[in-house]
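Letters go in sequence order (proteins before strands), and every chain restarts at 1. Bear in mind that the values here come from a model prediction, so they are computed numbers and not experimental data.
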Amino acid sequence: MKYNFNDIEAKWQKYWAENQTFKAINNSEKPKYYVLDMFPYPSGAGLHVGHPLGYIASDIYARYKRHQGFNVLHPQGYDSFGLPAEQYAIQTGQHPAITTAENIKTYRRQLDQIGFSFDWSREVRTSDPNYYKWTQWIFIQLFNSWYCKNHEKAYDIKDLVELFKEEGNININAECQNVGDIFTAEEWNAMSSEAQQSILLQYRLTYLAETEVNWCPALGTVLANDEIVNGVSERGGHPVIRKKMTQWSMRISAYAERLLQGLETIDWTDSLKESQRNWIGKSVGAQVKFKVVSNEVKEAPEFEVFTTRPDTIFGVSFMTLAPEHELVSQITTPEQKEDVDAYVLATAKRSERDRMADVKTISGVFTGAYAIHPFTKKLIPIWIGDYVLAGYGTGAVMSVPCGDERDYAFAKHFDIPIPNIFEGVDISEEAFSDKEKTVIANSDFLNGMTYKKATKRAIYALEQMGQGEGKTNYRLRDAVFSRQRYWGEPFPVYYVNGMPQMIDAKHLPIKLPEVEKYLPTETGEPPLGNATVWAWDTEKNDLVSNDLIDNETIHPLELNTMPGWAGSSFYFNRYMDPENQNEIASKEAMDYWQDVDLYIGGSEHATGHLLYSRFWQKFLFDKGVVPVDEYAKKLINQGMILGTSAFVYRVEGENKFLSKGLVLDKKVQEIHADVSFVNSSDELDIEAFKNWRPEFKDAEFILEDGAYKVGRDVEKMSKSKYNVVNPDDIVSDYGADSLRLYEMFLGPLEQYKPWNTAGITGVHSFLKKLWKLYVDNNGLKVTDATPTKDNLKTLHKTIKKVQDDIENFSFNTSVSTFMISVNELTAQKCTSKDILEPLLVLISPYAPHIAEELWSQLGHNASISTAPFPEFDASHLVESSKNYPISFNGKMRFTMELPLDMSKDAIEKAVLENEKTQEQLAGRTPKKVIVVPGKIVNIVG
RNA sequence: GCUCAAGUGGCGGAAUUGGUAGACGCGCUGGAUUCAAAAUCCAGUUUCUUCGGAAGUGUGGGUUCGAUUCCCACCUUGAGUACCA
């Protein structure tokens with residue numbers, strides 16, 4: 001019987017689907033284990049061989065855990081809201097829901113043929129109203145919450161209203177926009193409802209505010225910081241400009257400290273944690289008040305600066321404000337006004353990208369105003385400079401040129417004095433910023449102190465004077481939550497007199513309306529502005545036509561939609577109980593499944609999805625919705641599988657192609673050729689290439705050694721680079737089991753590695769050998785023979801290695817182990833059922849179809865997936881004696897057979913008495929003999 | 001610039017607490033089988049070599065009887081981040 005992989009795989013995929021083999025139950029005696037993949041966005045291009053890499057790894061782990069007796073939750077779904085479907089809709093008029101449904105169908109077919117053990121009964125789609133109902137519900141919860149910094153926890157906004165009624169906001173320590181506005185209980189109670197609402201808006205965890213946002217004109221929408229790469233949009237690479245807009249924001253900054261602390265409790269890679277730490281960007285220092293001396297203004301204004309080096313306060317020789325700082329226009333003297341205005345204007349004109357591109361150029365202008373030093377009372381000139389960012393800290397710095405590189409460069413450039421406040425340090429060439437080696441001098445009461453001491457002392461002194469305080473700053477900005485797009489979650493929000501109101505949660509979901517056009521309206525409103533039934537009737541509690549808006553009972557609805565990361569920030573909880581109509585998931589389900597034990601996905605989500613989802617989880621935890629505040633105990637980033645692109649070289653200006661070796665230094669244009677036209681020797685199928693596109697039809701090809709050789713390069717797999725390898729082809733040529741094994745065999749899971757289809761023959765022939773070990777022309781050839789010592793040794797070596805490998809996620813080396821084992825067993829002519837059966841269980845997570853087939857041929861009725869993992873017995877590996885390498889001064893000379901149970905001393909004695917040893921020593925006495933038990937004997941002399 | 005990760009044959013990679021470097025696979029070479037090819041099987045495959053050996057894990061040092069593994073400096077590549085005070 002031949003190994004007919006296509007039939008076998010189809011048969012078992014059907015069996016698994018019909019028998020719901022991998023359906024997880026929510027109550028079980030078994031311990032739980034939750035293995036999660038980052039769910040895909042179903043793009044129109046379908047899957048290429050790079051996509052399943054992480055899914056195969058998680059599937060192996062999930063299957064392994066089932067063999068170990070765990071109740072495994074291994075779900076899959078789709079992150080199905082997103083830009084490509086919308087842009088396709090704009091071009092073709094096809095509704096994104098239809099495109100999305102078609103793409104999901106393709107994805108499902110492709111995923112199914114690889115044989116994943118997903119529990120599809122729990123599938124979620126973020127664009128499904130039954131799902132986004134809960135996205136909207138969470139939004140409402142965020143709106144109805146505020147963050148108390150004293151308890152580091154989110155509370156109901158009603159509690160805050162109660163506090164305002166009783167004592168105003170004087171004692172409230174909360175995250176909010178304008179901490180400055182203090183009011184009493186009387187003042188609060190006297191306010192109009194609108195005034196109260198606009199104050200509350202400043203405290204809510206999601207809030208509407210006019211903020212400076214990243215506007216991408218080409219995409220017609222705003223983008224979050226993590227959606228911008230090198231100053232251009234991540235999708236499409238379009239320019240991005242700063243613009244003030246009224247937008248929904250998420251107060252993720254409230255959770256900055258907890259997001260940072262939480263990293264200590266989870267098993268994620270160090271590089272990923274480091275990315276998140278950098279993104280959160282905590283810095284500890286002080287906020288210091290400076291008074292401005294000015295003839296122009298009667299009442300001298302104050303401004304605050306943030307510094308991480310309050311110990312260097314006596315080294316301040318100037319102050320620098322961001323050009324956008326609100327004080328600039330107030331304090332500038334008439335003589336300096338012209339220069340300052342020109343500078344502010346010039347800075348405003350520069351795009352984000354320009355400003356990023358040249359960080360070397362030093363520019364700035366003196367305002368003519370001075371500040372008073374809090375200790376020395378000396379006058380310090382106030383400058384403006386674009387190296388100070390309006391968005392960080394207070395938008396103003398105290399410049400200490402001797403201790404900070406940028407301040408130093410600025411001072412040198414404008415010839416500002418650079419006082420030295422460090423003991424024994426030469427600052428004539430550069431600033432000195434080594435905190436550890438700092439000893440303060442020329443600084444009054446700080447003299448002789450180290451960085452640590454001086455910092456503490458300076459902050460204390462400032463606090464005593466009421467001139468400053470210790471302060472921690474975070475780089476993490478609140479996340480803009482509005483998108484001017486169609487294909488996203490609608491907000492459950494309507495407006496009364498311009499103030500946002502939440503629709504009662506019991507009326508959710510608010511379904512996405514139909515629109516004529518997916519483009520923004522002519523007046524520049526988002527696409528939802530094209531909807532006709534998009535107003536809220538507060539009496540009927542239902543959607544009604546816009547024409548009926550009377551601002552009495554019928555009000556306009558929010559036109560923006562939520563960003564892509566909304567739906568993906570809690571889906572892992574929804575899988576626990578996806579059908580639930582009353583809650584995200586029932587309490588029982590959440591208490592049972594708790595959190596994700598293993599999460600596998602790409603590292604490109606480090607500062608996007610993986611940060612936002614942690615934020616929402618912490619919020620839901622505060623509200624008592626979820627039982628844990630970190631949702632993923634362990635996370636692994638799978639590396640990317642890269643494509644091997646092929647290039648042809650067209651002589652510039654001619655339709656003539658040179659073979660790679662003939663190009664030399666000639667002027668040629670490099671063109672991607674489809675990799676399917678190229679064989680394993682890098683030779684191009686010229687006919688296929690000519691027929692590919694009409695422009696190549698009459699091309700001339702200059703060959704070398706009778707063939708056209710292409711150039712090769714490893715790049716990201718992408719349609720536009722014509723280097724995509726489709727898993728469908730691999731599955732039909734070699735089978736899903738070969739694909740699974742090969743993807744693992746390519747290299748370490750977390751590494752980037754190029755795909756090369758030619759190599760798959762290795763793992764494919766392993767499967768054929770495995771088949772031949774069990775089956776010959778007469779069918780199954782397994783016997784009840786008692787296993788030999790060698791048989792048992794091979795088996796238990798394999799059990800040990802494979803188990804260790806899976807637990808360390810070194811799937812690549814287990815594939816090698818399987819190959820070695822099958823070769824050994826073949827050489828041993830092993831037909832013993834007692835060996836072959838457990839071997840199948842070991843292989844089944846990797847190559848489940850062939851394992852399932854042989855398992856059933858062995859007479860089992862139940863699926864192999866529930867068979868227990870074989871137990872390792874070390875006694876089969878222990879030999880009575882071992883070949884010890886004997887070395888002299890570290891150089892290996894010969895080996896000696898010695899019993900394993902010999903003591904160190906006995907080994908030493910035996911080795912020294914050995915004939916060969918005596919020969920080597922030639923009468924000399926060795927200094928030392930080192931015995932590493934079981935490994936090596938080293939004679940030093 | 002800063003942070004992190006990584007550098008081993010023609011290629012992907014192995015060597016899990018320091019102990020015979022190059023497992024396993026691809027590719028290549030030779031052979032068997034075949035009319036022939038595919039498939040399959042067997043042998044060989046780090047480099048140099050005077051065939052005794054010698055060198056060898058990015059480079060240069062160090063610790064050690066012994067280093068791909070640990071320490072220091074440097075080089076290269078990749079990823080992230082970017083005037084964060």
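- Syn is the conformation of B/rG52, whose glycosidic angle sits no further than 90° from 0.
- Aromatic ring centres of A/F318 and A/F410 lie closer together than 6.0 Å.
- Note on A/K282 versus A/E257: salt bridge recorded, some NZ/NE/NH1/NH2 to OD/OE distance being below 4.0 Å.
- In this structure, the CG atom of A/N823 is 14 Å from the C1' atom of B/rU40, given to the nearest Å.
- Comparing the P positions of B/rG56 and B/rG62 gives an interatomic distance of 14 Å, to the nearest angstrom.
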ask   = When you look at A/D478 and A/S253, which way does the side-chain hydrogen bond (donor to acceptor under 3.5 Å, both in side chains) test go after all the steps?
value = CA-CA 5 Å; A/D478 282 348; A/S253 58; 2.5 Å; yes

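- Each of B/rG80, B/rA85, B/rU81 was ranked by its minimum atom distance to the side chain of A/R475; first place goes to B/rU81.
- Taking atom P on both nucleotides, B/rC83 is separated from B/rG19 by 45 Å, rounded to a whole Å.
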note = Taking Watson-Crick and G-U wobble contacts under 3.5 angstrom, with | marking pairs to another strand and [ ] crossing pairs, the secondary structure of RNA chain B is written (((((((..(((......[....)))((((((.......))))))(((....)))..(((((..]....))))))))))))....

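- In this structure a side-chain-to-backbone donor-acceptor pair under 3.5 Å is missing from A/R740 to A/A847.
- With respect to the salt-bridge test (charged N to carboxylate O, under 4.0 angstrom), the residues A/E824 and A/K769 do not qualify.
- Comparing A/I760 and A/K772 against RNA chain B, the residue whose closest nucleotide sits nearer the 5' end is A/I760.
- Distances were taken from every side-chain heavy atom of A/M819 (C-beta onward) to each of B/rG80, B/rA85, B/rG25; the shortest belongs to B/rG25.
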For nucleotides 5-16 of chain B, which of its nitrogen or oxygen atoms have a protein nitrogen or oxygen under 3.5 Å away, and what is each distance?
unit_1	atom_1	unit_2	atom_2	d
B/rG12	O2'	A/L746	O	2.5
B/rG13	OP1	A/Q751	NE2	2.6
B/rA14	OP1	A/N812	ND2	3.2
B/rU16	O4	A/K801	NZ	3.1
B/rU16	O4	A/D805	OD1	2.8

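- One can place CZ of A/F290 at 17 Å from P of B/rA85, the figure rounded to the nearest angstrom.
- In terms of the salt bridge (charged side-chain N to carboxylate O under 4.0 Å, His left out) criterion, residue partners of A/R406 (sequence neighbours excluded) are, by chain and number, A/D404.
- Geometrically, A/K800 engages A/F872 in a cation-pi contact, judged by NZ or CZ lying under 6.0 Å from the ring centre and within 45° of the ring axis.
- One C1' atom belongs to B/rU29, the other to B/rG10, and the distance between them is 13 Å to the nearest Å.
- The side chain of A/A758 approaches B/rC26 more closely than any other nucleotide in the set B/rA23, B/rG25, B/rC26.
- Separating the C1' atom of B/rG61 from that of B/rA14 is a span of 28 Å, rounded to the nearest Å.
- A residue-by-residue look at A/E274 and A/D404 shows that A/E274 has its nearest nucleotide of RNA chain B further toward the 5' end.
- Here, B/rU8 and B/rU57 have their P atoms 11 Å apart, quoted to the whole Å.
- Rounded to whole Å, the P atom of B/rC75 lies 29 Å from the corresponding atom of B/rG66.
- As judged by a 4.0 angstrom heavy-atom cut-off over every strand, A/T761 is placed among residues touching the sugar-phosphate backbone only.
- Closest non-hydrogen pair, A/H373 versus A/F314, comes out as NE2-CA, 4.0 Å.
- Closest to the side chain of A/N756, out of B/rC26, B/rA85, B/rU81, is B/rC26.
- Atom P of B/rC28 sits at a distance of 11 Å from the matching atom of B/rA39, rounded to the whole Å.
- As rounded to whole Å, 13 Å separates atom P of B/rC83 from atom CG of A/N278.
- A/L741 places its CG atom 12 Å from the C1' atom of B/rG25, with the value rounded to the nearest Å.
- Side-chain contact annotation: A/E304 with A/T394, donor-acceptor N/O pair under 3.5 Å absent.
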ask   = Would A/M819 and A/L741 count as a side-chain contact (heavy atoms from CB on, under 4.5 Å) if you check the C-alpha gap in whole Å, the side-chain angles of each, and the deciding distance to 0.1 Å?
value = CA-CA 11 Å; A/M819 291 181 184; A/L741 283 168; over 6 Å; no

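- Using C1' as the reference atom, B/rU20 and B/rG31 are 31 Å apart when rounded to the nearest Å.
- Using a distance-only test at 3.5 Å, with no hydrogens or angles considered, no donor-acceptor pair links the side chain of A/D805 to the main chain of A/N812.
- Computed from coordinates, the A/R277 CZ to B/rA82 P distance equals 18 Å when rounded to whole Å.
- For B/rG10, the glycosidic angle deviates from 0 by more than 90°, giving an anti base.
- Put simply, CD on A/Q276 is 15 Å from C1' on B/rU3, counting in whole angstrom units.
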